[in-house]
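Have a look at the structure below, then the notes.
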Amino acid sequence: MPQPCLCESYSSSANGKTWYFYLRKGITFHDGTPLTAYDVVATAQEILRLANEEKTGRYSTLKYFVNSIQASDNSTVVITTDRANFGFLYAMTFPVLKSSEVQAANPVGTGAYYLDIYDKDSYLLLSAYNGWWKQAPDYKQIMVIFYDKSRSLITDYEYGNVDAILTRAITAAQYRSGVNSYNIDFRTTQLEVLMLNNASRELNDVRVRQAIRYAINIDDIANNVYYGMVTRTDTPLIPNTWTYWDGATKQETNRQKAMALLEEAGWTDTDGDGVRDTIINGGKANLHLRFYVYEEQDNSVRVETANRIADDLAAVGIECSVVTYTFKNAQEKLNAASYDLCICAYNIDFTPDPGYLLMSGNTGNYGRYKNSSMDALHKKLRAALDFDSYKSALIDIQNLFWQDCPFICLYYRNGAILTREMFTDARDVREP
C-alpha cells in the first residue's frame, strides 16, 4: 500500500479528478535547501518529459495519470488526472529531486544517504545524511561495488572481500543452508510468462490454451531449474499482497485433464504417431507449435525451461519446435504475432492495473487477446475510487483471466542478498 513519505497527507475532490498533496515541514535536501512543492512539480515534469519525448524512464507510466501538476504554495501540490481511481496513489511514489537539478548527473535528494562519490563503472560511496527527517541510520557509510560477472561477485563474497552481495544468479541458492551466511530472498518486478498467441488457429480455442496450462509442470521448473529462486503466481498480480486473487482453482499438472480438453477441442491422434491432428480446410493438420525463447546474458535457464515445457507438451500430443532468439528478434516476432508460444518477461508496473497486458489492442497485449468483458472490467477498475471497489474489480479481472487463459503466468523472479551480518528487520524485501 502506498504510504505518506515526503507528503504528510493527501486528499481528493469528490470525483477523484483533482488531488492535493501536503508536504511535511522541515525536510531538506542534502545541500540544506528546503524541500518545496515546486521541487515535486519540477521532478514530475521531468519524468513526463522523459516519458513523452524520449520514451524512457522507470516512472514513465506517470504520463497516463497526470494531466496537470502545479504548486499552489510552498507545501501543496495539486494534480488533475483522467484516471480517477484508487490506483492513482501508486503512481505518486516517485522520488523527488531539487528543481534546479532534475537533469544533473548527480542530483541531491532528501533520503537517509547522500551520494558521496560515484564512478558509474566501478563503485559508489553512500554517506549518512545528518539532516534526514527520520531516525538516523545505524550504518554511517556504505561502499557499493559494481560487478559485471556474477561469478566474480560471488567469489569475492566467498573470500570475504565484501560483507554482503545482491545477486539474481541462480548459484546463490547454494548458500541457503550455510552457517556463516544469511540469505534474504527478494522479489523482483520481473514476471516470467508463457505467452500464447490467441490469434493462431491452434490456440484461438480456449480449451487448447487451458490444456497447455494443465500439461506443464511449473513446480518442477521452479524447483529444478531456478532452485526455488522464484515466487509462483497464477495471475499477473503479486502473490501475498492485497491485490492477489486467491481463487479456489490453482494451476496444477494434470495430463489426463489436458488430454480430455484437447479431445474435446477436436485434436486427436488419428495416425498413432504421437502428435495430435485434426481436419482443417479439408486436410489433416498436426498440432505443431512454433515455440520461441530469448535468453538472458550469462544465463541458460529460459532455454532449459522451454525444453522442459516442450517435453511436457509432447507427453499430451502437442509437438513444439523450440527456437532461441536474441531479445530484439523475439520482440519482432511478438510484435508481428509471428509465433505460437514464447517465454518472455514483463517488468510489472507499480500500479496494480494489468490493463496494458489484457485490454484489447493495448501495448503489452502480445497474445492478441480480445474479450469485451475483460475490457469492461478494466473500465470498472479505473473508475473505482475506494479501496474495496478497486480490490473487487481486481478479483473479477483475475477470475476472468483464469477462465480465459490468455497466457500462462509462471513466476516472479527472485534475487538473493547474501550477508554475514543481519542489517535489517524487514521480512518482505522487494526490488524497487
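Side-chain N or O atoms of Arg207 include one that pairs as donor or acceptor with a backbone N or O of Glu264 at under 3.5 Å. At least one donor-acceptor pair under 3.5 Å links the side chain of Thr233 to the backbone N or O of Leu237. The backbone N or O of Ile216 lies less than 3.5 Å from a partner atom in the side chain of Thr253, making a donor-acceptor pair. Although no hydrogens or angles enter the test, the distance criterion places a donor-acceptor pair under 3.5 Å between the side chain of Asn198 and the main chain of Pro406. Proximity of a side-chain donor or acceptor of Asn217 to a complementary backbone N or O of Ile221 within less than 3.5 Å is not detected. Of the possible polar contacts, none joining the Tyr90 side chain to the Asp349 backbone as a donor-acceptor pair under 3.5 Å is found. No side-chain donor-acceptor contact under 3.5 Å links Ser150 to the backbone of Ala169. Side chain of Asn85 to backbone of Gly87: a donor-acceptor contact under 3.5 angstrom is found. The main-chain N or O of Val293 is never found under 3.5 Å from a side-chain atom of Thr324 such that the two would form a donor-acceptor pair. Of the possible donor and acceptor atoms, none in the side chain of Glu192 sits under 3.5 Å from a partner among the backbone N and O of Arg413.
How far OG1 of Thr270 is from CG of Asn286: 8.0 Å, rounded to the nearest 0.5 Å. Here the CG atom belonging to Asn197 is positioned 7.0 Å from the CG atom belonging to Leu203, to the nearest 0.5 angstrom. Separating the OG atom in Ser122 from the CD1 atom in Ile145 is a distance of 9.0 Å, to the nearest 0.5 Å. Gln398 contributes atom CD, which lies 9.5 Å from atom CG of Leu358 (distance to the nearest 0.5 angstrom). Between the CG atom of Leu194 and the CG atom of Leu313 there is a distance of 7.5 Å, given to the nearest 0.5 Å.
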Practice task
Could you walk me through whether Ser68 and Thr80 pass the side-chain hydrogen bond (donor to acceptor under 3.5 Å, both in side chains) test, one step at a time?
Solution key: CA-CA 5 Å; Ser68 70; Thr80 61; 2.6 Å; yes
Exercise for the section: Show the numbers, then the answer: is there a side-chain contact (heavy atoms from CB on, under 4.5 Å) between Leu357 and Asn362? Expected result: CA-CA 7 Å; Leu357 308 176; Asn362 264 20; over 6 Å; no
Handout entry: side-chain contact (heavy atoms from CB on, under 4.5 Å) evaluation trace for Phe146 with Asp121
Key = CA-CA 7 Å; Phe146 307 135; Asp121 295 319; over 6 Å; no
Problem - Stepwise ring-ring contact (aromatic ring centres under 6.0 Å, His included) check, Tyr59 with Phe350 - result: CA-CA 9 Å; Tyr59 304 93; Phe350 300 116; 5.4 Å; yes
Exercise for the section: Let me see the working for Asp404 and Tyr369 under side-chain hydrogen bond (donor to acceptor under 3.5 Å, both in side chains), right down to the final yes or no. Expected result: CA-CA 9 Å; Asp404 279 2; Tyr369 169 62; 2.5 Å; yes
Exercise for the section: Check the pair Gln103, Glu101 against side-chain hydrogen bond (donor to acceptor under 3.5 Å, both in side chains), reporting the backbone distance first and the verdict last. Expected result: CA-CA 5 Å; Gln103 293 187 6; Glu101 298 188 8; over 6 Å; no
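When the ring-ring contact (aromatic ring centres under 6.0 Å, His included) test is applied to Phe29, no partner is found at least two apart in sequence or on another chain. Not a single ring-ring contact (aromatic ring centres under 6.0 Å, His included) links Tyr123 to another residue, sequence neighbours left out. In this structure Tyr129 satisfies the ring-ring contact (aromatic ring centres under 6.0 Å, His included) test together with His30, sequence neighbours excluded. In this structure Trp132 satisfies the ring-ring contact (aromatic ring centres under 6.0 Å, His included) test with no other residue, sequence neighbours excluded.
If you check the side chains of Asn67 and Thr81, you find no donor sitting under 3.5 Å from an acceptor.
Within a 6.0 Å sphere centred on CG of Asn52, heavy atoms belonging to other residues, nucleotides or ligands number more than 12. For Lys63, the NZ atom counts as densely surrounded, since its 6.0 Å shell holds more than 12 non-hydrogen atoms of other residues, nucleotides or ligands. Surrounding OH of Tyr10 are at most 12 heavy atoms belonging to other residues, nucleotides or ligands under 6.0 Å away. The 12-atom threshold is not exceeded at NZ of Lys120, counting heavy atoms of other residues, nucleotides or ligands nearer than 6.0 Å. Within a 6.0 Å radius of OH in Tyr244, more than 12 heavy atoms belonging to other residues, nucleotides or ligands are found.
The side-chain heavy atoms of Ser60 and Leu50, taken from C-beta on, include no pair separated by under 4.5 Å. Between Ile343 and Thr305, the closest side-chain pair of non-hydrogen atoms falls below 4.5 Å. By the 4.5 Å heavy-atom criterion applied to side chains, Gln210 and Val206 are counted as neighbours. For the pair Ile212/Ile408, a side-chain contact is recorded, criterion being any heavy-atom separation below 4.5 Å from C-beta on. Residues Tyr20 and Ser72 form no side-chain contact, since every pair of their non-hydrogen atoms from C-beta on lies 4.5 Å or further apart. Counting heavy atoms from C-beta on, the side chains of Val41 and Thr43 never come closer than 4.5 Å. Here the side chains of Pro4 and Ser9 are not in contact, with every heavy-atom distance at 4.5 Å or above. Ile218 is not listed as a side-chain neighbour of Cys409, based on a closest heavy-atom distance of 4.5 Å or more.
Applying the salt bridge (charged side-chain N to carboxylate O under 4.0 Å, His left out) rule to pairs touching residues 211-231 yields Asp219-Arg232, Asp220-Arg308, sequence neighbours excluded. Counting only residues at least two apart or in different chains, salt bridge (charged side-chain N to carboxylate O under 4.0 Å, His left out) contacts with residues 384-399 comprise Lys380-Asp396.
Between Tyr356 and Tyr346, the ring-plane angle classifies as perpendicular under the 30° and 60° cut-offs.
The ring of Tyr325 has its center closer than 6.0 angstrom to the ring center of Tyr292. Note: Trp245 and Phe401 fail the aromatic proximity criterion, with ring centroids not under 6.0 Å apart.
Closest of all the heavy-atom pairs between Ala173 and Tyr227 is CB-CB, 3.8 Å. In this structure, Arg276 and Val316 approach most closely via the heavy-atom pair NE-O, 2.7 Å. Closest approach of Leu62 and Ala91 over heavy atoms only: CD1-O, 3.2 Å. Asn204 approaches Arg201 most closely through the heavy-atom pair OD1-O, 3.3 Å. The two residues Leu35 and Val96 have their closest heavy-atom pair at CD1-CG1, 3.8 Å. Contact between Asp353 and His378 at its shortest, heavy atoms only, is OD1-CD2, 3.6 Å.
Between Asp340 and Arg290 there is a salt bridge, since at least one side-chain N of the basic residue sits less than 4.0 Å from a carboxylate O of the acidic one. Under the 4.0 Å criterion applied to side-chain N and carboxylate O atoms, Arg187 and Glu431 are not assigned as salt-bridge partners.
Test Phe65, Phe88, Phe86 against Trp19 for ring pair (Phe, Tyr, Trp, His ring centres under 6.0 Å) and you get one pass: Phe88.
For the pair Arg255 and Tyr214, the cation does not sit on the ring face, since its NZ or CZ is not both under 6.0 Å from the ring centre and inside 45° of the axis.
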